[in-house]
Amino acid sequence: MAVERTLSILKPDALQQGVIGKILTKLEEAGLKPVAMKMMHLTRPEAEGFYAVHKERPFFKSLVEYMTSGPVIVQVLEGENAVAKNREVMGATDPAKAAEGTIRKLFAKSIEANSAHGSDSAENARNEIAWFFAQTDLVRYDWKKR
Ligand code: ADP
Ligand code: MG
């Protein structure tokens, strides 16, 4: 399995609850390393653009309201099988259906305020990373040293 990258967002409820450290610990323990990271308070156009694939969904307006309701951390995670690994550590979209020990099971408030975002495919990961970061924002690790 190759080292790959994925886009992760720690959503407003995670920052509001003060669980950034606990979430990052889970991700690091799963072998994922941040290679770019920034705090943002998303504007409406940024949130609408990022979630454009969902614009016909009934929850779109509410999702944009929520994602612009407070600060977030946007980060690029790197590691073996990073796209699937991040989603595994996050758990199901609906915290009521998320597996024990997952980020969403532990911290999510609702199906909407569900603490974390993770790209769902390698192609979407590339597009989502490019939405928020320039190539020059990404640092490099020597994976042989781990
Ligand atoms: P995921 O984040 O697990 O990939 P989706 O891509 O389907 O889930 O949805 C994007 C985000 O929209 C979810 O993480 C959640 O914040 C919100 N969302 C999804 N489904 C609903 C819903 N039925 N009601 C309200 N918000 C939702
Ligand atoms: Mg999704």
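Atoms within a ligand are numbered from 1 in the order they appear, just like the ligands themselves. Quick caveat, the model's predicted, so the values are computed rather than measured.
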* Structure fact -> CD1 of Ile23 to OG of Ser8, rounded to nearest 0.5 Å, is 8.5 Å
So which protein heavy atom does [atom] come closest to, and at what separation?
atom	result
atom 10 (C) of ligand 1	His54 NE2, 3.5 Å
atom 25 (C) of ligand 1	Phe59 CB, 3.5 Å
atom 8 (O) of ligand 1	Thr93 OG1, 3.3 Å
atom 17 (C) of ligand 1	Leu63 CD1, 3.8 Å

Compute the minimum heavy-atom distance from [X] to ligand 1 and say whether it is under 4.0 Å.
X	answer
Arg87	yes
Met90	no
Asp120	no

* Give me the one residue out of Leu27, Ile9, Leu7 that meets side chain to side chain contact (heavy atoms under 4.5 Å, CB included) with Gln75. => Leu27
* Report yes if Tyr51 has an N/O atom closer than 3.5 Å to an N/O atom of ligand 1; otherwise report no. => no
* To do: Identify, by atom number and element, the atoms of ligand 1 in contact range of Arg104, meaning under 4.0 Å from any of its heavy atoms.
  => 1 (P), 2 (O), 3 (O), 14 (O)
* Structure fact -> For Asn114, the ligand 1 atoms with a heavy-atom partner under 4.0 Å come out as 13 (C), 14 (O), 15 (C), 16 (O)
* To do: Would you indicate which of Asp94, Asn124, Ile111 comes nearest to atom 15 (C) of ligand 1 when only heavy atoms are counted?
  => Ile111
* Look at atom 14 (O) of ligand 1 and find which of His117, Arg57, Lys11, Glu112 reaches it with the closest heavy atom. => Lys11
* **Side-chain (Glu4) to main-chain (Ala82) donor-acceptor, under 3.5 angstrom** => yes
* **Lys/Arg-Asp/Glu bridge criterion (N-O < 4.0 Å) met for Glu78, Lys33** => no
* Mutual orientation of the aromatic rings belonging to His54 and Phe59 [parallel < 30°, tilted 30-60°, perpendicular > 60°] -> tilted
* To do: Would you please classify the geometry between the His117 ring and the Tyr51 ring as parallel, tilted or perpendicular, with 30° and 60° separating the classes?
  => perpendicular
* **Geometric cation-pi criterion Lys11 and Phe107, 6.0 Å radius, 45° cone** => no
* Asked: Is it true that the side chains of Asp13 and Ser115 contain a donor and an acceptor less than 3.5 Å apart?
  -> yes
